[in-house]
Number of protein chains: 2
Amino acid sequence: MTNKEEVQDKRHLRSIKTKQKLLQAAREIFLTVGFQNATISQIIKKAEVGYGTAYVHFSGKEEILIVLMDHVMEKFYQIAEVSFSPNSKEEARDIILSQAMDFLKMAETERNMLQLFEQAIGTSPSISAKWNAIREKFIQRISEDIAYAQKYGLAKTELNHKLVARGWFYTNEMYLWEIVRNEQQGTVEEIAKTITAVYTGGLYQTNE
Amino acid sequence: MTNKEEVQDKRHLRSIKTKQKLLQAAREIFLTVGFQNATISQIIKKAEVGYGTAYVHFSGKEEILIVLMDHVMEKFYQIAEVSFSPNSKEEARDIILSQAMDFLKMAETERNMLQLFEQAIGTSPSISAKWNAIREKFIQRISEDIAYAQKYGLAKTELNHKLVARGWFYTNEMYLWEIVRNEQQGTVEEIAKTITAVYTGGLYQTNE
DNA sequence: AATAAATATGACATTACGTCAATAATGTAT
DNA sequence: ATACATTATTGACGTAATGTCATATTTATT
């Protein structure tokens with residue numbers, strides 16, 4: 001990951017160093033004053049580079065945040081990609097519960113960065129698009145999982161799997177933000193168990 | 001509503017007229033260029049008043065939007081206040097379905113204003129707080145409804161009603177924004193029916 | 001008619017933005 | 001080694017928006 005940009009010569013090296021300095025400085029500034037209040041001037045001052053330099057490497061503070069968020073994005077994608085092939089309603093519930101738990105725990109693990117993300121989503125269309133990509137990835141995956149469960153007679157077939165998937169993800173997402181804001185009522189476990197119980201209870205067949 | 005501010009004298013009248021001009025102009029500007037891009041200069045120009053005048057009546061464009069949103073807020077509060085005392089699982093589902101439908105239809109009715117709201121929530125803490133008030137009002141109401149259903153043996157008692165209420169509202173809210181953005185997949189009816197089916201199926205007792 | 005009080009105004013200081021011509025650092029060719 | 005080319009960095013500049021405040025205008029009171 002760090003050596004993705006291959007160092008070819010001293011020139012390029014200098015460029016990369018400068019970019020790194022900017023990213024590191026931006027991270028500190030963002031976490032201190034928040035995304036909205038952060039200014040390019042603050043960042044270049046902390047990075048000890050000239051004003052124009054920031055615009056050589058990034059189009060603005062939005063793009064800096066996008067780069068900083070990339071590894072968090074990666075973690076989300078990993079969670080989205082767990083395989084799903086349960087043989088019973090109970091097994092399905094366990095898989096779904098653990099996935100919901102992983103998702104919500106991410107809020108605690110990456111709270112600081114996600115706080116920035118939340119602030120930025122409202123302001124910046126590019127960041128909003130980035131989060132949208134995560135969301136659609138999850139919804140797509142959940143949608144497939146429901147279709148699978150419906151195919152094998154585990155889930156109710158009369159429900160539109162795409163709409164159900166979206167609704168289920170939305171509940172998870174909103175609780176994620178709540179945890180990020182440290183406003184949640186119960187523990188992550190309790191939240192995950194409760195919402196999973198309602199979801200699986202409503203989606204899966206009751207008689208078997 | 002219009003005569004809430006009693007006109008006492010010509011002076012006060014002039015002040016009110018100016019305020020109205022600003023509100024009307026702001027509405028047009030907001031709907032044309034969006035909340036973020038709107039500037040005080042644009043608004044005062046359209047209202048045909050001096051620059052400083054805007055700051056006499058409002059602390060900034062956030063406060064103007066808050067006033068503009070007030071009647072939309074009112075409509076939400078009305079939806080939140082429908083009474084709930086079902087005698088059966090089916091009756092409960094019907095009430096819940098119709099409430100979800102009303103809520104989502106609001107997205108279509110007030111799409112323009114809600115688009116502004118969505119943009120502004122990310123930027124402005126005061127507007128975010130205003131939306132939060134709506135949200136908590138709904139969650140509080142839903143929470144009471146679940147507790148009622150649990151008390152009368154209609155809903156599963158092992159579930160934490162506050163957490164369930166929050167999760168259910170979140171699904172509704174996110175679909176609301178999706179409809180506001182005109183990105184929704186199905187019709188409002190289909191969405192409402194689907195999410196209500198999963199929700200009531202998961203929350204209410206199956207054997208009776 | 002003179003004075004007081006409320007309202008409205010726009011010039012001003014401030015702050016942030018993004019650009020660009022000039023400068024510095026590094027690489028290449030003779 | 002030296003001259004030239006390329007890449008990277010810099011900060012001053014023009015622009016645009018903000019909120020404030022002393023001044024002007026309008027309305028009320030004595």
Side-chain angles (χ1 to χ4, degrees), chain A residues 5-26 28-30 32-67 116 119-120 122-127, chain B residues 5-26 28-30 32-67 116 119-120 122-127:
Chain A
E5 296 244 26
E6 203 56 60
V7 178
Q8 291 152 351
D9 47 41
K10 205 174 171 185
R11 269 217 281 245
H12 196 189
L13 177 69
R14 182 166 67 124
S15 167
I16 290 170
K17 280 271 168 64
T18 304
K19 197 167 183 176
Q20 290 303 326
K21 278 196 285 183
L22 281 165
L23 284 168
Q24 176 56 23
E28 291 172 26
I29 295 292
F30 284 154
T32 310
V33 305
F35 181 75
Q36 328 269 6
N37 300 327
T39 66
I40 297 293
S41 297
Q42 290 174 302
I43 294 169
I44 58 104
K45 196 178 166 188
K46 176 149 270 177
E48 293 175 315
V49 300
Y51 185 82
T53 310
Y55 289 95
V56 171
H57 294 276
F58 305 97
S59 65
K61 62 178 183 173
E62 296 184 11
E63 210 192 328
I64 302 182
L65 182 59
I66 286 179
V67 174
L116 293 179
Q119 290 176 46
T123 316
S124 147
S126 46
I127 295 191
Chain B
E5 297 243 26
E6 203 56 61
V7 179
Q8 290 151 353
D9 45 43
K10 204 173 172 185
R11 230 191 233 167
H12 196 188
L13 177 68
R14 182 167 67 125
S15 168
I16 290 169
K17 280 270 170 65
T18 304
K19 196 167 185 176
Q20 289 302 327
K21 277 196 285 183
L22 280 166
L23 284 168
Q24 176 57 24
E28 292 172 26
I29 295 292
F30 284 154
T32 309
V33 304
F35 181 75
Q36 328 269 5
N37 301 327
T39 66
I40 296 294
S41 297
Q42 290 174 305
I43 294 169
I44 60 104
K45 196 178 166 189
K46 175 148 272 178
E48 293 175 317
V49 300
Y51 185 83
T53 311
Y55 289 95
V56 171
H57 295 275
F58 306 97
S59 65
K61 63 178 183 173
E62 295 184 12
E63 210 192 327
I64 301 182
L65 182 59
I66 285 179
V67 174
L116 293 179
Q119 291 176 45
T123 316
S124 147
S126 45
I127 294 191

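Throughout, protein chains are lettered first and strands after them, A, B, ... in sequence-line order, and every chain is numbered starting at 1. What you see is a predicted model; the values in this text were computed from it and never measured.
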OP1 or OP2 of C/dA16 under 4.0 Å from side-chain N/O of A/Ser41: no
Atom pair distance, as rounded to whole Å: CG in A/Leu22 and P in D/dA8: 14 Å
Touch class at under 4.0 angstrom, heavy-atom based, for B/Ser15 against every strand present: sugar-phosphate
First of B/Ala54 and B/Arg11 reached from the 5' end of DNA chain C, by closest nucleotide: B/Arg11
Whole angstrom value for the distance that separates P of D/dA17 from CZ of B/Phe35: 15 Å
Gap between atoms CG and P, on A/Leu13 and C/dG27 respectively (whole Å): 9 Å
Any N/O donor-acceptor pair, B/Arg14 side-chain to C/dA8 base, under 3.5 Å: no
Short side-chain N/O contact to D/dT9 OP1/OP2 from A/His57, under 4.0 Å: yes
A/Glu63 side chain vs A/His57 backbone, donor-acceptor pair below 3.5 Å: no
Whole-Å gap separating C1' (C/dT28) and CG (A/Asp9): 12 Å
Side-chain donor or acceptor of B/Lys61 paired with backbone N/O of B/Phe35 under 3.5 Å: yes
Distance-only donor-acceptor check, side chains A/Ser124 and A/Ser126, under 3.5 Å: yes
Atom pair distance, as rounded to whole Å: NE2 in B/His12 and P in C/dA8: 10 Å
Integer-rounded Å distance: D/dT26 P and B/Lys10 NZ: 11 Å
Whole-Å distance separating the CD1 atom of A/Ile16 from the P atom of D/dA8: 10 Å
base_contact_polar (C/dG10 base, B/Tyr55 side chain, donor-acceptor, <3.5 Å): no
Gap between atoms CD1 and P, on A/Ile43 and D/dT9 respectively (whole Å): 16 Å
N or O in side chain of B/Thr39 less than 4.0 angstrom from D/dA17 OP1/OP2: no
A/Glu28 atom CD, over 12 foreign heavy atoms within 6.0 Å: yes
Heavy-atom closest contact (B/Ala54 atom, B/Ile44 atom, distance): CB-CG2, 3.6 Å
Among C/dA11, D/dA12, C/dT9, the one nearest B/Tyr51 by side-chain distance: C/dA11
